[in-house]
Protein chains: 2
Amino acid sequence: MIEVVAPTTVAFASANTVAEVAAAIGDPVRAAMLMALMDGRARTAGELAVLGGITAQTASGHLARMVEAGLVVAEKQGRHRYVRLVDPAVAAALESLMAVAAIAPPRHRPTGPSDAALREARTCWDHLAGRLGVALADALARDGRVVLADGAALVTDVGEAFFCDFGVDLGRPPAASRRPLCRACLDWSERRPHLGGRLGAALLDRFLELGWLVPGPRDRALRLTPPGRSGFAESFGVEVSRAPT
Amino acid sequence: MIEVVAPTTVAFASANTVAEVAAAIGDPVRAAMLMALMDGRARTAGELAVLGGITAQTASGHLARMVEAGLVVAEKQGRHRYVRLVDPAVAAALESLMAVAAIAPPRHRPTGPSDAALREARTCWDHLAGRLGVALADALARDGRVVLADGAALVTDVGEAFFCDFGVDLGRPPAASRRPLCRACLDWSERRPHLGGRLGAALLDRFLELGWLVPGPRDRALRLTPPGRSGFAESFGVEVSRAPT
DNA sequence: GCGATGTTTCGGCCGGGACCGAAGCGTCGC
DNA sequence: GCGACGCTTCGGTCCCGGCCGAAACATCGC
């Protein structure tokens with residue numbers, strides 16, 4: 001008795017959809033558009049066109065394809081069409097692709113002008129990433145305010161008091177005493193975890209509120225202000241060198 | 001004074017490499033190959049060719065492209081060429097793409113033959129995923145053995161004793177008392193977290209050792225054995241229905 | 001050495017898709 | 001209503017890349 005195996009590709013039905021999603025990301029222009037949308041804000045089709053360096057009609061085609069693939073949603077407002085990522089899961093997928101791209105090729109990686117700023121400090125959906133984000137996570141772990149391990153993170157009791165003092169609202173008091181309300185998010189540029197989850201979002205909100213960081217105009221880069229520099233040093237023990245190597 | 005902005009796409013230098021990586025995944029055949037490699041084991045080029053339903057020479061081209069993109073590595077052993085994922089980060093990226101693909105299109109998603117088995121129970125790099133994996137995580141959380149929140153997970157004291165009794169070795173005793181040694185991994189088919197990290201890997205090892213689960217021959221699907229069925233019910237309170245809807 | 005087997009390279013075919021110019025449609029401001 | 005503006009559709013060009021057959025190369029068993 002011979003077992004007959006169908007010769008054609010039937011092993012993974014979902015592979016097709018994965019391929020569709022990946023192919024929808026797998027174009028330089030579309031990838032740039034998606035990365036510009038990673039902060040969760042919506043952009044108009046025209047903004048994305050100039051960002052990609054293409055004409056409006058070509059951008060329209062790209063956007064249609066990304067809508068089709070379920071990556072972005074578009075809604076009309078007047079004569080503009082606002083486009084945003086359909087779900088934080090899309091941003092997470094992009095981050096993980098960036099992580100793969102960062103480890104993969106020691107080949108020519110032409111670090112562009114704003115690339116340095118992105119590596120320094122940027123938003124990752126709703127929280128802080130980049131060198132500053134990783135340094136902050138390290139400092140909080142060093143001081144026993146959070147515990148990082150195995151891609152997960154956890155707020156300690158002493159950390160909870162500290163964050164409360166710092167003015168971040170962590171929502172409802174923990175029902176279970178040891179609830180990890182923050183998520184360790186792998187940083188694509190640093191290859192080390194930074195803090196995400198509710199805590200990461202609340203911290204970034206607070207930093208923006210305090211004026212320690214100001215968002216960049218057209219990308220996800222964040223600029224550290226002078227009060228931010230001293231604030232991070234005093235409150236968190238994070239010294240930010242002026243220019244990294 | 002007018003600020004001149006370069007019209008071409010310079011906003012994100014890393015966008016190109018992200019696009020390269022995504023494009024390397026964005027082909028049905030390559031995606032199927034990568035998903036077959038997600039268990040971390042290596043396959044020969046020929047195996048991947050028949051899996052993709054293509055000829056050897058076409059598969060060779062696909063593999064060359066994936067090597068170029070830094071997704072897989074290949075090493076020769078005799079007249080075979082073994083291919084494996086270059087890093088667990090690649091598997092993580094594929095999982096996150098699957099998550100996006102799962103939420104995105106309510107369109108035609110032709111669930112293939114082995115797709116049902118994959119949804120039921122499969123390996124996710126080195127731990128258990130699928131309906132069974134999610135149910136296990138739920139049961140452990142319900143019984144207070146782990147705490148799940150915000151994409152992170154944490155073993156409780158009572159859980160630590162339980163896992164020790166169950167025969168899984170969690171490695172060195174925790175230096176910090178509240179170390180989260182497991183990771184909550186978002187399940188693409190269930191859209192709910194399952195247990196990864198060291199704990200997830202140790203549990204899967206133990207299940208295989210006990211013969212509760214047996215690995216599928218050619219894909220990542222896992223088959224639940226009769227002792228497994230009763231074992232999951234008795235030890236974890238997880239009842240596995242025979243055929244899900 | 002010689003054939004069998006696994007894998008790659010070469011050459012050619014062909015379709016998809018990225019791009020733009022021109023034109024069409026809807027919306028805003030006057 | 002009319003032009004300006006934002007966006008999409010249509011038509012056409014062009015090139016990338018997926019596919020295979022044939023052949024070359026490497027390795028194993030004899």
Side-chain angles (χ1 to χ4, degrees), chain A residues 7-11 15-34 36-37 42-69 71-84 218, chain B residues 7-10 15-37 42-69 71-84 218:
Chain A
T8 50
T9 167
V10 299
N16 278 317
T17 51
V18 168
E20 284 170 24
V21 171
I25 304 173
D27 174 272
V29 172
R30 287 196 296 267
M33 288 176 170
L34 290 169
L37 295 170
R43 315 292 165 112
T44 68
E47 284 175 332
L48 294 173
V50 300
L51 183 142
I54 53 176
T55 59
Q57 60 267 33
T58 304
S60 178
H62 282 303
L63 292 177
R65 178 156 182 186
M66 290 193 287
V67 170
E68 170 77 5
L71 294 174
V72 301
V73 288
E75 67 190 282
K76 287 197 65 165
Q77 275 186 23
R79 54 182 168 182
H80 292 281
R81 193 172 171 223
Y82 282 92
V83 177
R84 60 181 168 78
R218 48 178 6 94
Chain B
T8 50
T9 168
V10 298
N16 278 319
T17 51
V18 167
E20 284 171 23
V21 171
I25 305 173
D27 175 271
V29 172
R30 286 196 296 267
M33 288 177 170
L34 291 169
M35 289 174 72
L37 294 170
R43 316 291 165 110
T44 67
E47 284 175 330
L48 293 173
V50 301
L51 184 141
I54 52 177
T55 59
Q57 59 269 31
T58 302
S60 177
H62 283 304
L63 292 177
R65 177 155 184 186
M66 291 193 286
V67 169
E68 169 77 7
L71 294 174
V72 300
V73 287
E75 68 191 282
K76 287 198 65 166
Q77 274 186 24
R79 56 181 166 183
H80 292 281
R81 194 169 170 226
Y82 282 93
V83 178
R84 59 179 168 79
R218 48 178 8 94

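All chains are named by letter (A, B, ...) in the order of the sequence lines, taking the proteins before the strands, and each is independently numbered beginning at 1.
Taking a 4.0 Å limit (strictly below) on heavy-atom distances, residues 72-82 of chain A reaches DNA chain C at G78(A), R79(A).
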Name the atoms and distances for all side-chain donor-acceptor pairs under 3.5 Å in residues 44-63 of chain A, with sequence neighbours left out.
{"from": "T44(A)", "atom 1": "OG1", "to": "E47(A)", "atom 2": "N", "distance (Å)": "3.1"}
{"from": "E47(A)", "atom 1": "OE1", "to": "T44(A)", "atom 2": "N", "distance (Å)": "3.0"}
{"from": "T55(A)", "atom 1": "OG1", "to": "Q57(A)", "atom 2": "OE1", "distance (Å)": "3.4"}
{"from": "T55(A)", "atom 1": "OG1", "to": "T58(A)", "atom 2": "OG1", "distance (Å)": "3.1"}
{"from": "H62(A)", "atom 1": "ND1", "to": "R30(A)", "atom 2": "NH1", "distance (Å)": "3.0"}

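Between D27(A) atom CG and E20(B) atom CD the span is 11.5 Å, to the nearest 0.5 Å. The distance from atom CD1 of I25(A) to atom CZ of R65(A), rounded to the nearest 0.5 Å, is 11.0 Å. We find the CD-CE distance between E68(A) and M66(A) to be 12.5 Å, quoted to the nearest 0.5 Å.
A pairwise comparison of heavy atoms in R43(A) and A36(A) identifies NH2-O, 3.2 Å as the closest pair. Scanning all heavy atoms of the two residues, the minimum distance from A69(A) to A24(A) falls at CB-CB, 3.5 Å.
Take R79(A) and apply the salt bridge (charged side-chain N to carboxylate O under 4.0 Å, His left out) test, not counting sequence neighbours, and it matches no residue. Applying the side chain to side chain contact (heavy atoms under 4.5 Å, CB included) criterion to A42(A), with sequence neighbours excluded, gives Y82(A), R84(A).
What separates CG of L48(A) from P of dT8(D) is a distance of 11 Å, to the nearest Å.
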Protein N or O to nucleotides 18-22 of chain D N or O, pairs below 3.5 Å:
{"from": "dG18(D)", "atom 1": "OP1", "to": "R30(B)", "atom 2": "NH1", "distance (Å)": "3.3"}
{"from": "dG18(D)", "atom 1": "OP1", "to": "R30(B)", "atom 2": "NH2", "distance (Å)": "3.2"}
{"from": "dG18(D)", "atom 1": "OP1", "to": "R65(B)", "atom 2": "NH1", "distance (Å)": "3.0"}
{"from": "dG18(D)", "atom 1": "OP2", "to": "R30(B)", "atom 2": "NH1", "distance (Å)": "3.4"}
{"from": "dC19(D)", "atom 1": "OP2", "to": "H62(B)", "atom 2": "NE2", "distance (Å)": "2.4"}
{"from": "dC20(D)", "atom 1": "OP2", "to": "T55(B)", "atom 2": "N", "distance (Å)": "3.4"}
{"from": "dC20(D)", "atom 1": "OP2", "to": "T55(B)", "atom 2": "OG1", "distance (Å)": "3.2"}
{"from": "dC20(D)", "atom 1": "OP2", "to": "T58(B)", "atom 2": "OG1", "distance (Å)": "2.9"}
{"from": "dG21(D)", "atom 1": "N7", "to": "Q57(B)", "atom 2": "NE2", "distance (Å)": "2.6"}

Assess whether side-chain contact (heavy atoms from CB on, under 4.5 Å) is satisfied between L34(B) and V72(B), documenting all intermediate values.
CA-CA 8 Å; L34(B) 291 169; V72(B) 300; 3.8 Å; yes
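Protein chain B contacts DNA chain C from dA4(C) to dT9(C), reading 5' to 3' and using non-hydrogen atoms of the protein with a distance under 4.0 Å.
Residues V83(A) and L37(A) meet the side-chain proximity criterion, which asks for heavy atoms closer than 4.5 Å.
The end-to-end axis angle of the helix from dG1(C)-dC30(D) to dC30(C)-dG1(D), rounded to 10 degrees and based on five pairs per end, is 30°.
Contacts of A56(B) with the nucleic acid, taken as non-hydrogen atoms under 4.0 Å apart, include base atoms.
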